[in-house]
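Notes follow the structure.
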Amino acid sequence: MDKNTSKVSYMQYHGRIFSIAVVILFNIIRYYYYHQYLELPFRWNFFLLTFIFLTIAWWCGKQFDYAKYYSERDPLTNTYNRRTLERNFNKISKKFVGEGYSLGVIMLDLNNFKEVNDQYGHQKGDELLILIASKLTNFVKKNDLVARWGGDEFVILVSNITEEFGTDYTQNLLKNIKEHNPSEFTSIGASIGYAVYPRDGDNLQKLIQIADSGMYKEKRYSVK
């Protein structure tokens, strides 16, 4: 995918599809029971009632889809939240390792984020987090996962990594973060640490610890 193409996280239609399917099945049964089995005369209000049932089902299904979508997302950045990342790690890791691939775990922390908050206020800090989240989402591949871990920290699960993951990939990611920022964000950079599943650990907690340790080593080095 072109890196300049904005990737939008679309809400799934599972709730609406299920609700509509139930209503359609119900109306098929209703038709055969009343007009075939009981042999009652067919009336036009059958279609009116069907339309009303479908409308209610669509609305109810949409509320379910909204609730599910936002329960998985960080409300500020629209990236996945920590709970969703933890819940999906086992499924994602088993899928790619089962196919013979490794999975990269990146921990990313913004540099000079406190200075932005102190100088421009928390609203600008929020705008910066939204900007960085958008850059990360556009940078990663379709099967990768970006989550806000907390504060100004993000975690990225990178599928099907290559041997250059620890050098080329992370450096390109840092370059992407620093490019084309508004004037008030020109001092912003990031520190990155990473780990590789299953080489460095077989669970997310262990991988996060390794990535977090590497990130803080880089952060200490960058401020010297």
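Keep in mind that this is a model prediction, so the values were computed, not measured. All values below were derived from every heavy atom in this structure, side-chain atoms included, with hydrogens, water molecules and symmetry-related copies excluded.
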Is it true that, when you exclude [X] itself, more than 12 heavy atoms of the residues, nucleotides or ligands shown sit nearer than 6.0 Å to its [atom1]?
X: Q36; atom1: CD; value: yes
X: R87; atom1: CZ; value: yes
X: F18; atom1: CZ; value: no

So, using side chain to side chain contact (heavy atoms under 4.5 Å, CB included) as the criterion, who are the partners of [X] when residues are at least two apart?
X: Q209; answer: Q205, K206
X: Y34; answer: R30, L38, L40
X: S213; answer: K217
X: T79; answer: D74, T77, A133, T137, V146, R148, F154

Does [X] reach the main-chain N or O of [Y] with its side chain, forming a donor-acceptor pair under 3.5 Å?
X: D202; Y: P198; value: no
X: T167; Y: E164; value: yes
X: D65; Y: G15; value: yes
X: R73; Y: N78; value: yes
X: K135; Y: I177; value: yes
X: K124; Y: V116; value: no
X: N176; Y: N172; value: no

Would you sort out whether Y33 and F26 count as a ring-ring contact (aromatic ring centres under 6.0 Å, His included), showing the intermediate values? CA-CA 10 Å; Y33 178 74; F26 167 75; over 10 Å; no

Practice prompt. With sequence neighbours excluded, tell me which residues meet salt bridge (charged side-chain N to carboxylate O under 4.0 Å, His left out) with D212.
Written response: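 Salt bridge (charged side-chain N to carboxylate O under 4.0 Å, His left out) check on D212 returns nothing, list empty.
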
Between [X] and [Y], is any side-chain donor less than 3.5 angstrom from a side-chain acceptor?
X: N27; Y: T50; result: yes
X: N181; Y: T186; result: no
X: K114; Y: N117; result: no

* By ring-ring contact (aromatic ring centres under 6.0 Å, His included), which residues pair with Y169, not counting sequence neighbours? ->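 Per chain and number, Y169 pairs via ring-ring contact (aromatic ring centres under 6.0 Å, His included) with F139, F165.
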
